[in-house]
Amino acid sequence: QVQLVESGGGLVQPGGSLRLSCAASGSIFSIKSMGWYRQAPGNGREMVAIITSGGRPNYADTVKGRFTISRNNAKNTVYLQMSSLKPEDTAVYYCNAAVEIRIGAILNSWGQGTQVTVSS
């Protein structure tokens, strides 16, 4: 099986910055796309940013220009650098990865989530 563990969440003031990390472990042959999703109370889970195995990113319009997604394939880790944070960014952030556990077998895996709270 595959485990994804997020870290780096916490409380930050509006305009501040925070860096999230997500490390994948377990049965991993390779990792295709990775991404970050978030869910605020009463809302559905929304895509924040995704990044391909080749390092090409895509962002939700709400975070474009403020967030940066990156990855370290050697460490099976994806990062989300969040800057100019707004109260509306407050949510539980979940890591996602399409993990190739062996050639031709891909599992869509999720982390447990990490709380990000933006408040003064």
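Interatomic distance, CD of Glu100 versus OG of Ser53, reported as 10.0 Å (0.5 Å rounding). Expressed to the nearest 0.5 Å, how far CE of Met47 lies from OH of Tyr59 amounts to 10.5 Å. Interatomic distance, Met34 CE to Asn73 CG, rounded to the nearest 0.5 Å: 8.5 Å. Atom OG of Ser25 is separated from atom CD of Gln1 by 11.0 Å, given to the nearest 0.5 angstrom. Interatomic distance, Cys95 SG to Gln3 CD, rounded to the nearest 0.5 Å: 12.5 Å. Atom CG of Leu18 and atom OG1 of Thr114 lie 8.0 Å apart (nearest 0.5 Å).
Side-chain atoms of Asn96 come within 3.5 Å of backbone atoms of Ser109 as a donor-acceptor pair (strictly under, hydrogens ignored). With hydrogens and angles ignored, the 3.5 Å screen pairs a side-chain donor or acceptor of Glu6 with a backbone N or O of Gln112. Not a single donor-acceptor pair under 3.5 Å links the side chain of Ser33 to the backbone N or O of Thr52.
Within the 4.5 Å cutoff, no side-chain heavy atoms of Arg56 are placed close to those of Ile51. Ile69 places a side-chain heavy atom less than 4.5 Å from the side chain of Val78. Side-chain contact between Ser119 and Pro87 is absent, with no heavy atoms from C-beta onward closer than 4.5 Å. A 4.5 Å side-chain heavy-atom check between Ile101 and Ile106 finds every atom pair outside the cut-off. Side-chain contact between Gln81 and Ser17: present, with at least one pair of heavy atoms (C-beta onward) separated by less than 4.5 Å. You'll find the side chain of Ser30 reaches within 4.5 Å of the side chain of Lys32, heavy atoms only. Annotation: side chain of Asn108 is in contact with side chain of Trp110 (closest heavy-atom distance under 4.5 Å). Contact check for Gln115 versus Thr90: side-chain heavy atoms found under the 4.5 Å cut-off.
Annotation: cation-pi geometry not satisfied between Arg38 and Tyr94 (NZ/CZ under 6.0 angstrom from ring centroid, within 45° of ring axis).
Val92 and Tyr79 fall into different hydrophobic clusters, where Ile, Leu, Val, Met, Phe, Trp and Tyr residues are linked whenever their side-chain heavy atoms come under 4.5 Å apart, directly or through other members. Side-chain heavy atoms closer than 4.5 Å link hydrophobic residues (I, L, V, M, F, W, Y) into clusters, and following such links, even through other members, never connects Ile50 to Val116. Leu4 and Leu107 fall within a single hydrophobic cluster, where Ile, Leu, Val, Met, Phe, Trp and Tyr side chains are chained together by heavy-atom contacts under 4.5 Å.
Salt-bridge annotation for Asp61 and Lys64: present, with a side-chain N of the basic residue lying under 4.0 Å from a carboxylate O of the acidic one.
Contact detail for Ile31 and Ala24: the closest heavy-atom pair is CD1-CB, 3.8 Å. Residues Arg66 and Leu85 share a closest heavy-atom pair of NH1-CA, 3.9 Å. Across every non-hydrogen atom of Val63 and Val48, the tightest pair is CG2-O, 3.5 Å.
Atom CD of Glu88 has more than 12 neighbouring heavy atoms from other residues, nucleotides or ligands inside a 6.0 Å radius.
For Phe67 and Trp36, the distance between ring centers is not under 6.0 angstrom.
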Which is it for Asn76 and Arg71 under the side-chain contact (heavy atoms from CB on, under 4.5 Å) test, yes or no, and what are the steps along the way?
-> CA-CA 8 Å; Asn76 293 328; Arg71 63 190 290 169; over 6 Å; no
